[in-house]
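In this chain, numbering begins with 1 at the start of the sequence shown.
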Amino acid sequence: MNLMKSMLPHLYDTHMMEQYKGAGFGELSPHVFAVADVAYKAMMNEGKSNSILVSGESGAGKTETTKMLMRYLAYLGGRSGVEGRTVEQQVLESNPVLEAFGNAKTVRNNNSSRFGKFVEIQFDKNGRISGAAVRTYLLERSRVCQISNPERNYHCFYLLCAAPPEVREKFKLGDPKSFHYLNQSSCYALDGVDDAQEYLTTIRAMDIVGISEEEQEAIFCVVAAILHLGNIEFAKGADVDSSVIKDEKSRFHLNMTAELLKCDIKSLENALIKRVMVTPEEIITRTLDPVAAVGSRDALSKTIYSRLFDWLVDKINFSIGQDPNSKQLIGVLDIYGFESFKLNSFEQFCINFTNEKLQQHFNQHVFKMEQEEYTKEEINWSYIEFVDNQDVLDLIEKKPGGIIALLDEACMFPKSTHETFAQKLFQTFKNNKRFIKPKLSRTSFTISHYAGEVTYLADLFLDKNKDYVVAEHQDLLTASKCSFVASLFPPPAEESSKSSKFSSIGSRFKLQLQSLMETLNSTEPHYIRCVKPNNVLKPAIFENANIIQQLRCGGVLEAIRISCAGYPTRRTFYEFLHRFGVLAPEILAGNHDDKVACQMILDKMGLKGYQIGKTKVFLRAGQMAELDARRAEVLGNAARTIQRQIRTYIAWKEFTALRKAAIMLQSHWRGILACKLYEQLRRGAAALKIQKNFRRHIARESYLTVRQSATTLQTGLRAMTARNEFRFRKQTKAAIIIQAAFRCHVAYSYYKSLQKAALTTQCGWRRRVARRELRKLKMAARETGALKEAKDKLEKRVEELTWRLQLEKRLRTDLEEEKAQEIAKLRDALHAVEIQVEEANARVITEQEAARKAIEEAPPVIKETPVIVEDTEKVNSLAAEVENLKASLLSETKAAEEARNACTDAETRNAELVKKLEESERKVDQLQESVQRLEEKLANSESEIQVLRQQSLAMSPTGKSLTARQRAMILPRTPENGNVLNGETKDTTLALSNVREPESEEKPQKYLNEKQQENQDLLIKCISQNLGFSGSKPIAACVVYKCLLHWRSFEVERTTVFDRIIQTIASAIEVQDNNDVLAYWLSNSSTLLLLLQHTLKASGAASLTPQRRRATSASLFGRMSQGLRASPQSAGLSFLSGRGLGRLDDLRQVEAKYPALLFKQQLTAFLEKIYGMIRDNLKKEISPLLGLCIQVPRTSRASLVKGRSQSNAVAQQALIAHWQSIVKSLDHYLKIMKSNHVPPFLVRKVFTQIFSFINVQLFNSLLLRRECCSFSNGEYVKAGLAELEQWCSEATEEYAGSAWDELKHIRQAVGFLVIHQKPKKSLNEITKELCPVLSIQQLYRISTMYWDDKYGTHSVSSDVIAKMRVMMTEDSNNAVSSSFLLDDDSSIPFTVDDVSKSLQQVDITDIDPPSLIRENSGFGFLLPRSE
């Protein structure tokens, strides 16, 4: 209830907030704090957002109630602010700002809100305010230009007119009576309100909510400009229907408006009195008559003020800030109440539409709560009727026949007027009981709202509903030099400017209202109905009829009726027993259930018609009052008994107190008498003590006088003696000071002479030391020259060894040729001798046989006397011949033996030569390593000598750095940093034997490490870019391999360059969908892995074969002579360029340490990963197409079955589109891999697995779906497979490989589907000829699922089916797998050895380094060598 009093602060102060904080609802008197506390506790306990709806007619106190609610919520959820301003302070201080620009005086209220407001206060999980937002609805724009008496315009105009004089002078403002927008009413001030003080309050509130001083000045500039704009008047011009500025006064206000808005004066004048019409032929500018110019002026004022108000709301929301993490909020709705004036326009229509929506929400919520309560407690109840206003809402907002829809339709037609709009309403709603046509007006209509009938005047409905800005006004203010004004009118987007979609105030307000209702429905609502006691706005006056009407309009009476129709009073069993248990103490004393106890109490009281639910007692209206009366009677009797006992107790307490007081008085009196006696005795003793002390004082005074006289005399004598002693000591001290000064001067002179002599001696000594240092530096330089001479000697030694090695090679070759020729000759001679021996043996045997026969045939006499026989000569000749043959055989045997010995000796010499050759090669390798390390030491020494020379030139004679430089020597070659060969370099060792200080390597080594780190960083930065290819060779892989080989990274125990290269590759392939990048790195990783495979060998592995080593050594020495004659820096470069950067056959193998081997494994893993990513991307791309390729679409199947024609061919071509999409994908991936020079071996593996995937997908789909096993579908798939076959032939075998063979299952299955005369085919023909790859289970499934949708033929014969079943049974008995589906193989189908064997040789000698590292001296070894 608005009491119309401002002197009641105790009802809403902090003390009252503390009382209601945490109190139960209903325990204390009704208060807005109680409703806010209930909402806050419900939010914290249930975790659900709540809302508080404040409603009532204008002047009922809705705005003040909203302020109190926000103050109480800020009190509950206050927290420490940021930068001096808390969120709750900003929320509270946003009210004065919005009231200044959105509130005005009306007939019924001095501070009426002319807009709706919904404040969302956000809380965190601890119940603290964490953010807020303000939502506004339907600002009354027409009030800016038109007000009625005795109302006022918006407060901000009057506040600015009451501002300090300097502000008014700045804006050229004066009395409000002088402005047209304010003097339409006779009311300029409000009772009890000081506009000047309110101006300062508004300024302070703007500061708190975060509006800067510049923005405040811009805001009041805009407000002042609107006031000046309203004073611009127009008169008729010279032309017909034209207008001009009326007089100089209007011209002054025009100039002030342009100055405040910072726009061009002429442009402002043209925007007010002219309009531009754009036609297809030309642009026409027409002038407006004075009446239209006034309308243009007012439209501009309303638009500027509306944009200003929207900016303020957005600024407040931005300044306060919203908490994105907040899960709960409390919304406070302060919206206009039901309005019914004498003349009601479009604003009242929208306001009452809002109240209809809120009333429906209120009724549904109350009824729903009542119904849910009764259903939850399971009591007997009947349906309660309540007034439903849905028909009024349908009349207003229903599409397409509602009032708002018809209003939008009328606004879209240029020729529509308010009369045609009213006639359209009369025709449309003539049968609607809620719509009434007045008898005496043609443009008015009446709507029967829930609060009563309201008559609306439709004259301005069309103008107020249009939501657009005049193009001239938009261009004028967009071009303003004031950034604030220009920000209010941003240039419209091209889409919105070109769009013809109509926008209206009514439709936009309906959407806002719909959003508000959705927000309210998502929260738990609480209602506060504000009631205005009278219409004269004075306190202590209550108009009963007016209050009843407000309660009826607010739905309060309806809610009370709904509650009374049921059970308005309900209490839980505990609350009921706690309150009314005193009526039956014996029931409470008994051991009864709560429900039974409540039943017994109600029966004892004799009540009827109540209901007992599961947890509550429901009472009819009046029964609670009756129980309270009985309870009051029982409590009254008990109170009287208690009072009697209390009074008895009080009388006894009073008697006891009186008796105790008497005893206390007697004891005090006796104490006083004793004190008086004690005082007399004390005074006598004191008199005796005084006399004694006085006599002692007199004697002491006499003694002190005598003692002081003696002391004075002694003091004078002692002072005279002390002065004499002081004078003597002073003279003595002066003499000592003079002596000390003289001795100091003598000592200082002697010290200066010694210092000068010392400096002279030091300078001479330092000069001598510096000369000695210079001699040592010169010696070091000469030692460097000696080192170069040693290098030259080594070069000569290497050339000599090379010549000796070649000579030994030639000697060994000649020896081998001579040995081979000699062995061949000996073998031929041996063979001829063996043939002769065999022939001689044969002849000897023949002769022996003939002699034996002759001897046997001769008589015995001949045996005894052989000399006598006739053939003695023949026998002798034969014997001689045999002897000769034996001798020749023996000689041949000796010759063969000698040949064998010579061959053995030759082989022994050959083995020794081979050993010597191997030993020479090993020595050559050692020499190469020694020369390389010697070059490194020489480079380090030269750099160190150069540093030392610079330091010696810059060093002063003093300091200790000289001693440190004396130890800066060159390290000799030791077994740790280089091998010394058999006294070949003894002179070098002797030349370097006197310098062994290890400190000299520290600084150069650190410099080299830093340089190497910089080179590694540059390499990583280089390969992170796409370097492209040189010919068909990836530049990145070749550059990385050359750098790693040159830096000897494969032979070190610890390095980070491998991890950085791997990380670079990993970061490059993070985007898995970029196939171009994946193919690029697949090419680089495969090439780099090939080079590593041919270069690295595990530590301790066997060395190269002798033939390979000889070839390497032979190619080495020709280039060593050039490299050793070059500079020390180029020596290692030419060595590596000749040693390892040729073809794969010329690559030297190095013993790889653990990091290099781990890098090779990681590179292998990345190669497999990138390969799998490319393969899987292609699978993902063609997988959706495979589902379309397995079955011919139904729309085209009929055309394919009917017959062959030109249209059938076109349809067949359309069906192949899915297969052609697959072919396009394959071509795309092939093009990407070709452009990135991916090895054909990997390309073949990719497409082989992809075709295997196509085979598995199509074949499995064919076996699982019966509609796919048809004749026409087989033809469709066969045509698609032909496309794939054509692609394989076009891709060539180099890239397609055996991919076509992977489709064997689907090819044979499709071939089986499309063959004719299937019943005539035997099982042997099917399994051996047609489908040899398919299993019996697969053939059986295809045969049983086959159907011919084109010719109607049948599948294979039943005998074949029976045989298939028998074979399937046998297979199942033999534990053969019965699965007929294929599995997709997603493994990596190659190994590193396969890759290295399949790839071609890579020649990396002519690779041109990238421009990023070409100019860097640290990468000079990458540059191609000139002949």
Side-chain angles (χ1 to χ4, degrees), residues 141-147 152-154 156-158 160-161 168-185 188 218-276 285-309 460 463 468-482 484-486 488-489:
R141 301 197 301 178
S142 60
R143 180 171 292 273
V144 177
C145 307
Q146 182 180 5
I147 55 176
R152 285 208 324 172
N153 211 319
Y154 290 106
C156 61
F157 297 113
Y158 303 94
L160 190 58
C161 290
R168 285 180 291 171
E169 178 63 26
K170 180 179 180 180
F171 297 135
K172 298 297 186 290
L173 299 178
D175 191 5
K177 297 179 182 179
S178 62
F179 294 102
H180 172 68
Y181 285 162
L182 304 182
N183 60 18
Q184 301 176 31
S185 171
Y188 298 102
I219 289 171
F220 288 117
C221 279
V222 173
V223 174
I226 293 175
L227 291 178
H228 286 290
L229 187 63
N231 282 8
I232 301 175
E233 298 181 358
F234 304 94
K236 289 187 177 180
D239 298 334
V240 181
D241 292 336
S242 64
S243 60
V244 295
I245 303 300
K246 184 177 181 181
D247 49 21
E248 290 300 323
K249 181 179 179 181
S250 299
R251 177 70 62 179
F252 167 75
H253 288 292
L254 177 68
N255 296 337
M256 281 305 303
T257 303
E259 180 182 350
L260 293 172
L261 295 178
K262 294 185 179 180
C263 59
D264 184 62
I265 299 175
K266 189 62 178 179
S267 300
L268 176 60
E269 182 179 354
N270 292 335
L272 294 177
I273 64 177
K274 292 183 180 181
R275 287 292 178 271
V276 176
T285 302
R286 67 181 182 89
T287 58
L288 303 177
D289 58 10
V291 177
V294 170
S296 174
R297 176 199 68 189
D298 293 343
L300 178 59
S301 300
K302 291 187 289 185
T303 302
I304 294 175
Y305 193 82
S306 175
R307 294 289 180 90
L308 176 62
F309 186 78
L460 298 177
D463 296 334
Y468 68 93
V469 181
V470 178
E472 289 77 5
H473 298 169
Q474 175 73 36
D475 297 338
L476 170 71
L477 297 176
T478 302
S480 173
K481 298 179 181 179
C482 178
F484 179 80
V485 176
L488 296 180
F489 292 86

When you look at His228 and Leu173, which way does the side-chain contact (heavy atoms from CB on, under 4.5 Å) test go after all the steps?
-> CA-CA 9 Å; His228 286 290; Leu173 299 178; 3.8 Å; yes
Distance (rounded to the nearest 0.5 Å) between [X] [atom1] and [Y] [atom2]:
X: Ile265; Y: Leu268; atom1: CD1; atom2: CG; result: 8.5 Å
X: Ile273; Y: Phe234; atom1: CD1; atom2: CZ; result: 7.0 Å
X: Gln184; Y: His180; atom1: CD; atom2: NE2; result: 4.5 Å
X: Asn183; Y: Asn231; atom1: CG; atom2: CG; result: 7.5 Å
X: Ser250; Y: Ile245; atom1: OG; atom2: CD1; result: 6.5 Å
X: Arg168; Y: Leu160; atom1: CZ; atom2: CG; result: 9.5 Å

Checking the side chain of [X] only, and the main-chain atoms of [Y] only, is there a donor and an acceptor separated by less than 3.5 Å?
X: Thr287; Y: Ser243; value: no
X: Ser480; Y: Lys262; value: yes
X: Arg143; Y: Arg152; value: yes
X: Arg307; Y: Leu488; value: yes
X: Glu472; Y: Val276; value: yes
X: Ser267; Y: Leu476; value: no

[Y] side chain reached by [X] side chain, heavy atoms, under 4.5 Å:
X: Ser296; Y: His473; value: yes
X: Phe157; Y: Tyr181; value: no
X: Asp175; Y: Tyr188; value: no
X: Leu272; Y: Leu300; value: yes
X: Asn270; Y: Thr285; value: no
X: Phe484; Y: Val222; value: yes
X: Ile226; Y: Val223; value: no

What class does the angle between the rings of Tyr154 and Tyr305 fall in, given that below 30° is parallel, 30 to 60° is tilted and above 60° is perpendicular?
->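 Because their plane-to-plane angle is under 30°, the rings of Tyr154 and Tyr305 count as parallel.
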Minimum heavy-atom separation for [X] and [Y], please, with both atom names.
X: Phe179; Y: Cys161; answer: CE1-SG, 4.2 Å
X: Lys302; Y: Ser142; answer: CD-CA, 3.9 Å
X: Leu229; Y: Thr257; answer: N-OG1, 3.4 Å

Side chains of Asp239 and Ser242, donor plus acceptor under 3.5 Å |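 The answer is no; no qualifying pair exists.
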State whether a side-chain donor-acceptor pair under 3.5 Å links Thr478 with Gln474.
->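 Distance-only check passes for Thr478 and Gln474.
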So does Arg251 pair up with Glu269, basic N to acidic O under 4.0 Å?
->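 Here Arg251 pairs with Glu269 in a salt bridge, since their nearest N and O are under 4.0 Å apart.
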Do Val470 and Arg275 pass the side-chain contact (heavy atoms from CB on, under 4.5 Å) test, and can you show the C-alpha distance, the side-chain angles, and the key distance before you say yes or no?
-> CA-CA 9 Å; Val470 178; Arg275 287 292 178 271; 3.6 Å; yes
